[in-house]
Amino acid sequence: MTAPVQPPSTSSSMSASTLPDLRQRVADYLVHAQTGRRLAEGTLVNYRRDLDDLLQRAQTLGGAPIESQHIRRWAAQLHAAGMSPRAIAARLSAWRSFFRWMGRLGLVAANPVQDIRPPKAPKPLPKALSVDQAVALAAFDAQAQTPEALRAARPPQAEPLATRSARAHAMAELLYSSGLRVSELTGLDVHASPTARGWIDWDAAEATVTGKGNKRRSVPIGRPALLALQQWLAVRTSLLRPEADADAHAALFLGARGGRITPQRVWLELREQARAAGLDARVHPHMLRHSFASHVLQSSGDLRAVQELLGHSSIATTQVYTRLDFQHLAKVYDAAHPRARKKP
């Protein structure tokens, strides 16, 4: 086992780049990362590559100290060479960790990477279904399909098909109808109570949910979703077991074992529902929330209303859907306008 690295007797103002054994210090740091920090082998490989790059760049300084301006220039060069912002961030993180370790040994007075930030990565647009796709998924009722189609779409399960179909149908309808997060969906109870995090108001056709930051809001439920929920309630009691606890009795959606359904099960059943409905997209619960927001905004143009419905604390979070809305309009323009730049 390599002996612990002892700090040399040198001034703390000395820069790492003026040390003749900088390459040895990198090797010592990698040993520390492996034995002291116990980093994974893949991480060590990445660190070794990133620090080799640092050594090569330090050689171009002719013995001058490595300063923040050099790190900033090197990050700009990486960006100009086509490296992604995420990869640049990882490289800067490796350099920053190395200099932090050097600082603890008294080899540098300040970390030249400390205040360097990578270029901002463009935020990807949320993926939303088209209106036709979302409606097809929400309206899909497996019980209405032929037995051959059902066998092809759904693997054999111990749970009755009618139960699984009613639950999947109700969850898809509710997610798209009300724009709920998956945690808000699984937290719903059948009725309001002092301990409930969410519930259905059947008379008002509303769902009250507790979202991020324990913020409570009420959202409307469309008629198709309300009908699908009522169909689900007709079979829900068949999953309740004699030993079921109070939470299971209260929960709106139950899993095959009779307890409150988990977010993971919602993901799996929604993906299965999408395949059965013939959708190619890898559908997940948040995609239906994105679809809800995008389609409401396309129809109404009311960004503030969408913000309230989604429960966003800042309208800046909701504004991403204006980009989706413009993307939709641009597609319509490209397809319809005689002077549009149509793709071949």
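Computed over heavy atoms, backbone and side chain alike; hydrogens, waters and symmetry mates excluded.
Annotation: side-chain contact (heavy atoms from CB on, under 4.5 Å) contacts of R223 (sequence neighbours excluded): L227. Every residue meeting the ring-ring contact (aromatic ring centres under 6.0 Å, His included) condition with Y176, not counting sequence neighbours, appears here in chain and number order: H295. R117 meets the side-chain contact (heavy atoms from CB on, under 4.5 Å) test with R96; sequence neighbours excluded. Taking the side-chain contact (heavy atoms from CB on, under 4.5 Å) definition, one finds that Q264 meets it with T262, sequence neighbours left out. Taking the side-chain hydrogen bond (donor to acceptor under 3.5 Å, both in side chains) definition, one finds that Q56 meets it with nothing, sequence neighbours left out. Annotation: side-chain hydrogen bond (donor to acceptor under 3.5 Å, both in side chains) contacts of H290 (sequence neighbours excluded): Y321. R49 pairs by the side-chain hydrogen bond (donor to acceptor under 3.5 Å, both in side chains) definition with N46, not counting sequence neighbours. Residues satisfying the side-chain hydrogen bond (donor to acceptor under 3.5 Å, both in side chains) test with Q231, not counting sequence neighbours, are none. S313 meets the side-chain contact (heavy atoms from CB on, under 4.5 Å) test with K215; sequence neighbours excluded.
Nearest heavy-atom pair across I66 and A58 is CD1-CB, 3.9 Å. In terms of heavy atoms, L239 sits closest to L254 at CD1-O, 3.7 Å. What you find for R91 and D53 is that their closest heavy atoms are NH1-OD2, 3.2 Å. Closest approach of G259 to A248, counting heavy atoms only: CA-CB, 4.3 Å. When every heavy atom of P126 is checked against every heavy atom of V320, the shortest pair comes out as CD-CG2, 3.4 Å. Scanning all heavy atoms of the two residues, the minimum distance from L279 to Q133 falls at CD2-O, 3.8 Å.
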N/O donor-acceptor pairs under 3.5 Å from side chains in residues 180-189, not counting sequence neighbours:
from	atom 1	to	atom 2	distance (Å)
R181	NH1	E184	OE2	2.6
E184	OE1	R181	N	3.0
E184	OE1	R217	NH2	3.0
E184	OE2	R217	NH1	2.8
T186	OG1	V182	O	3.2
T186	OG1	S183	O	3.2
D189	OD1	R260	NH1	3.2
D189	OD1	R260	NH2	2.7

Sequence neighbours left out, cut at 3.5 Å: what donor-acceptor pairs do the side chains of residues 77-87 make with other protein atoms?
from	atom 1	to	atom 2	distance (Å)
Q77	OE1	R57	NH1	2.9
S84	OG	A87	N	3.1

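The shortest side-chain heavy-atom distance between F253 and L229 falls under the 4.5 Å cut-off. For the pair D302 and L297, the minimum side-chain heavy-atom distance is 4.5 Å or more. Under the 4.5 Å side-chain criterion, counting only non-hydrogen atoms from C-beta, T318 is in contact with H312. With contacts defined as side-chain heavy-atom distances shorter than 4.5 Å, the pair D50/L54 does not qualify. Contact of the S177 side chain with the F292 side chain is not registered, since no non-hydrogen atoms from C-beta on lie closer than 4.5 Å. You'll find the side chain of L174 stays beyond 4.5 Å of the side chain of M171, heavy atoms only. Looking only at side-chain heavy atoms (C-beta outward), L252 and I261 stay at 4.5 Å or farther from each other. Residues H286 and K127 are not in side-chain contact: their nearest non-hydrogen atoms beyond the backbone lie 4.5 Å or more apart.
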Derivation and outcome, side-chain contact (heavy atoms from CB on, under 4.5 Å), residues L30 and R48 = CA-CA 7 Å; L30 290 172; R48 189 174 294 110; 3.9 Å; yes
For R216 and T208, run side-chain contact (heavy atoms from CB on, under 4.5 Å): C-alpha distance rounded to whole Å, both residues' side-chain angles, the deciding distance at 0.1 Å, then the answer.
-> CA-CA 7 Å; R216 185 163 282 177; T208 297; 3.6 Å; yes
Derivation and outcome, side-chain contact (heavy atoms from CB on, under 4.5 Å), residues R167 and R236 = CA-CA 8 Å; R167 181 175 57 223; R236 170 186 170 277; over 6 Å; no
What's the verdict on side-chain contact (heavy atoms from CB on, under 4.5 Å) for R164 and H169, showing C-alpha distance, side-chain angles and the deciding distance?
-> CA-CA 8 Å; R164 288 173 59 83; H169 182 205; over 6 Å; no
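Taking the six-membered ring for Trp and the full ring otherwise, W267 and H284 have centroids separated by under 6.0 Å.
Remark: the backbone N or O of E67 is paired with a side-chain donor or acceptor of H70 at under 3.5 angstrom. Side chain of S238 to backbone of V235: a donor-acceptor contact under 3.5 angstrom is found.
Residue pairs meeting the ring pair (Phe, Tyr, Trp, His ring centres under 6.0 Å) criterion with at least one member in residues 38-60, sequence neighbours excluded, do not occur.
The one candidate from R37, Q24, Q34 that meets the side-chain hydrogen bond (donor to acceptor under 3.5 Å, both in side chains) condition with Y29 is R37.
Here E173 contributes atom CD and L226 contributes atom CG; the two are 10.5 Å apart, rounded to the nearest 0.5 Å. Interatomic distance, CD1 of I88 versus OG of S93, reported as 13.5 Å (0.5 Å rounding). S68 contributes atom OG, which lies 4.5 Å from atom CD1 of I116 (distance to the nearest 0.5 angstrom). Between the CG atom in L55 and the CG atom in L22 there is a gap of 5.0 Å [rounded to 0.5 Å]. In this structure, OG on S178 lies 5.0 Å from CD1 on I221, to the nearest 0.5 angstrom. Atom CD in Q319 sits 6.0 Å away from atom CG in L303 (nearest 0.5 Å).
In this structure, V131 is a member of the same hydrophobic cluster as V296, with clusters built from ILVMFWY side-chain heavy atoms closer than 4.5 Å. One hydrophobic cluster, built from ILVMFWY side chains closer than 4.5 Å, cannot hold both V190 and W199; they sit in different ones. One hydrophobic cluster, built from ILVMFWY side chains closer than 4.5 Å, cannot hold both V31 and V45; they sit in different ones.
Counting only N and O atoms by type, the side chains of R304 and Q307 include a donor and acceptor under 3.5 Å apart.
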